[in-house]
Amino acid sequence: QVQLVESGGGLVQTGDSLRLSCVASGRTFGDMGWFRQAPGKEREFVAAIKWTGVTTIYSGSVRGRFTISRVNASSTVWLEMNSLKPEDSAVYYCAASNLPRMTLSTTPTSYDHWGQGTQVTVAS
């Protein structure tokens, strides 16, 4: 049984950086991703990574600023966020699939397990 726990969120200023971590208990060799959700808005794809750590994808709004990474096929995945903007403020969720997909997915329903979320607030 897979459980995901995110940490690293907090209150920062515009232009600051944060590094989020997601620790999985219970082994999965599936894909992993990060999503975010602001109050009153639907969950938004941020980034995803293959279990091998070789292939990554990003949403256009974060590409060039955020980096998703994992060490080999370890149970910990990081999201490094740089040049943060107020519109990045949201609860960030880690997600994992039971099995790797042929192509990384940007759709929440493609993932089987979710963490509780960690709040990121970027002040002006």
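When a residue number appears, it is its place in the shown sequence, counting from 1.
Between the side chains of Ser69 and Thr67, no donor N or O sits under 3.5 Å from an acceptor N or O. Residues Thr121 and Ser89 have side chains that never bring a donor and an acceptor to within less than 3.5 angstrom of each other. Side-chain contact of Asp112 with Ser97: a donor-acceptor pair under 3.5 Å is absent, judged by distance alone.
Thr106 places no side-chain N or O within 3.5 Å of a backbone atom of Phe45 that could act as its donor or acceptor partner. With hydrogens and angles disregarded, a donor-acceptor distance shorter than 3.5 Å links the side chain of Gln116 to the backbone of Glu6. Proximity of a side-chain donor or acceptor of Tyr58 to a complementary backbone N or O of Ala48 within less than 3.5 Å is not detected.
For the side-chain contact (heavy atoms from CB on, under 4.5 Å) criterion with Leu20, the lone passing option out of Trp78, Trp34, Tyr93 is Trp34. Just one of Arg19, Arg70, Arg65 meets the salt bridge (Lys or Arg N to Asp or Glu O under 4.0 Å) condition when paired with Glu80; it is Arg19. With Ile68 as the fixed residue, the side-chain contact (heavy atoms from CB on, under 4.5 Å) test singles out one of Val62, Thr56, Val46: Thr56.
Residues Leu4 and Leu104 do not share a hydrophobic cluster, defined by chaining ILVMFWY side chains whose heavy atoms lie under 4.5 Å apart. In terms of hydrophobic clustering, with Ile, Leu, Val, Met, Phe, Trp and Tyr side chains grouped at heavy-atom distances under 4.5 Å, Val12 and Tyr92 are assigned to a common cluster. Side-chain heavy atoms closer than 4.5 Å link hydrophobic residues (I, L, V, M, F, W, Y) into clusters, and following such links, possibly through other members, connects Met81 to Val122.
Under the 6.0 Å distance and 45° angle rule, Arg43 counts as a cation-pi partner of Trp114.
Summarising the local packing, CD of Glu42 is surrounded by 12 or fewer heavy atoms from other residues, nucleotides or ligands at distances under 6.0 Å.
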Does the side-chain hydrogen bond (donor to acceptor under 3.5 Å, both in side chains) test come out yes or no for Thr109 and Thr107, once each step is laid out? CA-CA 6 Å; Thr109 55; Thr107 304; 5.2 Å; no
Decide side chain to side chain contact (heavy atoms under 4.5 Å, CB included) for Ser61 and Glu44; before the verdict, give the C-alpha distance in whole Å, the side-chain angles of both, and the deciding distance to 0.1 Å. CA-CA 11 Å; Ser61 62; Glu44 175 191 19; 3.8 Å; yes
Stepwise, does the side chain to side chain contact (heavy atoms under 4.5 Å, CB included) test hold for Ile57 with Arg63? CA-CA 9 Å; Ile57 58 171; Arg63 186 176 294 110; 5.8 Å; no
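Rounded to the nearest 0.5 Å, atoms CG (Leu84) and CG (Leu18) are 5.5 Å apart. In this structure, CD in Gln119 is found 12.0 Å from CZ in Arg36, a value given to the nearest 0.5 Å. Put simply, CE on Met102 and CG on Asp31 are 12.0 Å apart, with the number rounded to the nearest 0.5 Å.
Side-chain rings of Phe35 and Tyr111 approach one another, their centers coming within less than 6.0 Å.
The shortest non-hydrogen separation linking Ala38 to Ala90 is N-CB, 3.9 Å. When every heavy atom of Val2 is checked against every heavy atom of Gly26, the shortest pair comes out as CG2-O, 3.6 Å.
Inter-residue side-chain proximity for His113 and Asn98 is flagged as met; some heavy-atom pair is nearer than 4.5 Å. Side-chain contact between Phe66 and Asp88: present, with at least one pair of heavy atoms (C-beta onward) separated by less than 4.5 Å.
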